[in-house]
Novice: 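One structure, as structure tokens, below. Some questions next.
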2 protein chains.
Amino acid sequence: MYSMTTSAVPAPRGPVTRKDVARFAGVSTAVVSYVVNGGPKKVAPATEAKVQDAIRVLGYRPNAAARALKLGSSETLGLIVPDISNPFFSLFSHAVEDAAAALGYALVLSNSDGNLAKERRNVRNLAARQVDGVLLASVLFEPDLEALETADIPSVLLNQERDAPGFNSIGVDLAAGARIAVEHLIGHGHTNIGLAMGTNVSGSTDGREVGWREALQAAGLPEGPISYSAFTRPGGYVAGQRLLASVNRPTAIFATSDMQGIGLLRAIHEAGLSVPGDIAVASFDGSADSEYSWPPLTTVEQPVAAMAEAAVAALVGASRGEKPRHRIFPTKLHIRQSCGCP
Amino acid sequence: MYSMTTSAVPAPRGPVTRKDVARFAGVSTAVVSYVVNGGPKKVAPATEAKVQDAIRVLGYRPNAAARALKLGSSETLGLIVPDISNPFFSLFSHAVEDAAAALGYALVLSNSDGNLAKERRNVRNLAARQVDGVLLASVLFEPDLEALETADIPSVLLNQERDAPGFNSIGVDLAAGARIAVEHLIGHGHTNIGLAMGTNVSGSTDGREVGWREALQAAGLPEGPISYSAFTRPGGYVAGQRLLASVNRPTAIFATSDMQGIGLLRAIHEAGLSVPGDIAVASFDGSADSEYSWPPLTTVEQPVAAMAEAAVAALVGASRGEKPRHRIFPTKLHIRQSCGCP
DNA sequence: ACCGGATGTTGACTCGAGTAGATACCGGTG
DNA sequence: CACCGGTATCTACTCGAGTCAACATCCGGT
């Protein structure tokens, strides 16, 4: 019976449109729309059934481009991250995708590869694609707002410590997070605590550096050595080598990302030293990698899922006219073994 | 001067369209299209300049939805992965995004979370969004092709060892990869080599298990213990615990993913054993994590960038009518220290 | 002076879906 | 029987950009 019905229909060349469905069901195209969208006008149950059948038989699938054109919304969000293969961002992306999907939005992903020009290009590209909002994890500590402004699209700045007036932004309290980590190291009796500080392309000071300094000052301790390098595994590795070679070698090091922490561990292991015996380590982010390094890293965890949800919510809120705001999330110290705890 | 020009223009409410540009430049809308797309008809240099100015002044940005509707192509590809926060897939995604962007395509990302129903839903969702092609890294070893068939969209199956007639597919030679890794372990003198085998929701045998077995047979060695568990860090961890507890404890273990390898390392470290001294390890994938574990993992590297490029190329090829094909890529053993090499 | 051809520009139609406004049809009342 | 109110349906316009056929315009050559 199914096949009889199908064989009676000339195989439509190309994609099936609303018109084909209408013709097949013997109704007008408007009715098909009403059925598909459940409105804005009611359809008689008998007619609805006919249309549903036609849709099923023909395999009709509404054209999203046409829909987006008419409605001015693509039900799509854009996400720009420096590098999706960085575990922190991939974790974040997953959370964002979940949050977006829950609201019926698809997620367009693009990498800026630590390149400001590429970041700008991506913003423009997403804008041209009529995404309903952009989530931007900028390469810069203080992002380039001009591209976003001219793009004139709801946006959220991610990983953003400072308030950017007129923009939605989401971040964690970096200084507070760094402080609890460093305080914890101090609690283990360390008095010479180094810092492996990640750098971005902009030159402004990061909250994690501030927090490290604050914790030391509050405890009346001198500042340990600092090494600036990329937020990556290799970055942490070279920072580790430099810190180990410094004249007053620290007995504990705070790394500003888990990736750096992992690179650091490697440098320490290679030097034949043990963690936490010779050198204690704490890091920042709370990604899965930190749990399975050796030894497992004590790390400052960011509430990634909550931040992703808030970011997506801010975006859909913005399209409803809500005004932008800056949200700061608290971090949580995740104690494992690299700090010296059993 | 800039501001003078701008102030002469009434701030356009809502987005600027081609019509606004045409009016401002004193030309027809067709010319604006010609300028924007560089064709299909030529435009006089003077006219072109006027239009370019108008575009700049008004901040015109062609509406991608309208373009997609007219051209029947959204210049968008869809990527479905089990979990973007798995480093292998995030690496892959990055490569896919690069390859897609190089050809002017945007990438819509979705996670299936190891859930077949969600995978199907994602396929349908992407199809409705008129993506020009779908890259599917299925949850299953042998993917569910029905959803893709009815979606009637160019597609590529990723991570696909076997040929699926009528479909593009891309994969590595899993058996060969596993064989070189196990052969390498044998070369270190090991005679009892265990296997930490990852599992998917389908039950069919994976090429990596085949390769492990083949290498042992070829060397005239008995099969070591096997532990089946997830392809994840925790999966490798429990596999490690089980293998260490087995009656004939292996002196070397081959893990079928880097994530498992890392979990395995943790289990071994926790047992107070050393790698590679007490137990040698080799794994599969070649993700960045394997380089920075302790000790660094000897791993079978997949040519991720090449595969991603081939996958994207197959997709755009398919939209040009090329026939589907199955491509198998070779792997390369990346020797580091976990196997016993210095 | 006239024509052929190149060159530049334009009006108008198209893609597929959303929906306002018009229309058709029904049963029920006065 | 005329009329009303409500419901179900249809017609036709719209969104913004691509592009083709038609229409100038101009130049060089007879």
Side-chain angles (χ1 to χ4, degrees), chain A residues 12-52 54-55 58-76 127-132 152-153, chain B residues 12-52 54-55 58-76 104 127-132 152:
Chain A
R13 61 172 125 279
V16 183
T17 74
R18 185 179 63 163
K19 213 158 155 186
D20 301 321
V21 176
R23 184 160 27 226
F24 185 86
V27 298
S28 76
T29 59
V31 180
V32 178
S33 271
Y34 297 152
V35 169
V36 169
N37 306 333
K41 305 234 172 131
K42 290 212 279 310
V43 174
T47 317
E48 159 139 22
K50 274 193 303 182
V51 174
Q52 293 286 17
I55 289 177
L58 300 179
Y60 169 68
R61 204 170 282 304
N63 182 316
R67 198 187 158 87
L69 171 58
K70 191 77 236 277
L71 299 181
S73 152
S74 55
E75 311 261 89
T76 298
R129 283 172 187 279
Q130 315 295 118
V131 298
D132 296 336
D152 190 34
I153 285 190
Chain B
R13 62 172 123 278
V16 183
T17 75
R18 186 178 63 162
K19 212 158 153 185
D20 301 321
V21 175
R23 185 162 25 230
F24 185 88
V27 299
S28 77
T29 59
V31 181
V32 178
S33 271
Y34 297 152
V35 169
V36 169
N37 305 333
K41 302 247 171 108
K42 292 217 266 337
V43 174
T47 317
E48 159 139 21
K50 273 193 303 181
V51 173
Q52 292 287 18
I55 289 177
L58 299 180
Y60 168 68
R61 205 168 283 304
N63 182 317
R67 197 188 159 88
L69 171 58
K70 191 79 237 275
L71 299 181
S73 151
S74 56
E75 312 261 88
T76 298
R129 284 173 185 278
Q130 313 294 118
V131 298
D132 296 336
D152 189 35

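Only heavy atoms go into these numbers, but all of them, side chains included; no hydrogens, no water, no symmetry mates.
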Novice: Work out which heavy atom in A:A65 is nearest to a heavy atom in B:A68; give both atom names and the distance.
Specialist: CB-CB, 3.8 Å

Novice: Find which nucleotide of DNA chain D each of B:R67 and B:K41 is nearest to by heavy atoms, and output the residue with the more 5' nucleotide.
Specialist: B:R67

Novice: Across the strands shown, which category fits A:A44 at heavy-atom distances under 4.0 angstrom: base, sugar-phosphate, nothing?
Specialist: sugar-phosphate

Novice: Can you check the A:N37 CG to C:dA17 C1' distance for me, whole Å?
Specialist: 8 Å

Novice: Is there, by distance only and without an angle test, a donor paired with an acceptor across the side chain of A:Y34 and the base of C:dA20 below 3.5 Å?
Specialist: yes

Novice: Taking any heavy-atom pair under 4.0 Å as a contact, classify B:V27: base, sugar-phosphate, or nothing.
Specialist: sugar-phosphate

Novice: Taking the side chain as everything from C-beta on, heavy atoms only, tell me whether A:T17 gets closer than 4.5 Å to A:N63.
Specialist: no

Novice: Checking the side chain of A:R129 only, and the main-chain atoms of B:E75 only, is there a donor and an acceptor separated by less than 3.5 Å?
Specialist: yes

Novice: Which is true for B:V31 with a 4.0 Å heavy-atom rule: it touches a base, it touches only sugar-phosphate, or it touches nothing?
Specialist: base

Novice: Nearest whole Å is fine: how far is C:dT7 C1' from B:E48 CD?
Specialist: 15 Å

Novice: So which heavy atom on B:N37 is nearest to which on B:R67, and how close?
Specialist: OD1-NH1, 3.3 Å

Novice: Side chain to side chain contact (heavy atoms under 4.5 Å, CB included) between A:V51 and A:V27: does it pass, once the steps are laid out?
Specialist: CA-CA 8 Å; A:V51 174; A:V27 298; 4.0 Å; yes

Novice: I'd like to know if the side chain of B:T29 and the backbone of B:R18 have a donor-acceptor N/O pair within less than 3.5 Å.
Specialist: no

Novice: Need one value for A:S33: base, sugar-phosphate or nothing, where a base atom within 4.0 Å counts as base even if backbone is also close, heavy atoms only.
Specialist: base

Novice: Using heavy atoms to find the nearest nucleotide of DNA chain C for B:A66 and B:K42 separately, return the residue whose nucleotide is more 5′.
Specialist: B:K42

Novice: When you compare the side chain of B:V31 with that of B:T47, does any pair of heavy atoms fall below 4.5 Å?
Specialist: yes

Novice: Please state how far atom CZ in A:R61 lies from atom C1' in C:dA17, giving the value in whole angstrom units.
Specialist: 16 Å

Novice: Please tell me which of B:K70 and B:V43 maps to the more 5' nucleotide of DNA chain C, matching each residue to the nucleotide holding its nearest heavy atom.
Specialist: B:V43

Novice: Need two values: the first and the last nucleotide of DNA chain D, 5' to 3', having an atom under 4.0 Å from any heavy-atom of chain A.
Specialist: D:dA8 to D:dG16

Novice: Expressed as a whole number of angstroms, how long is the span from B:K19:NZ to C:dT10:P?
Specialist: 15 Å

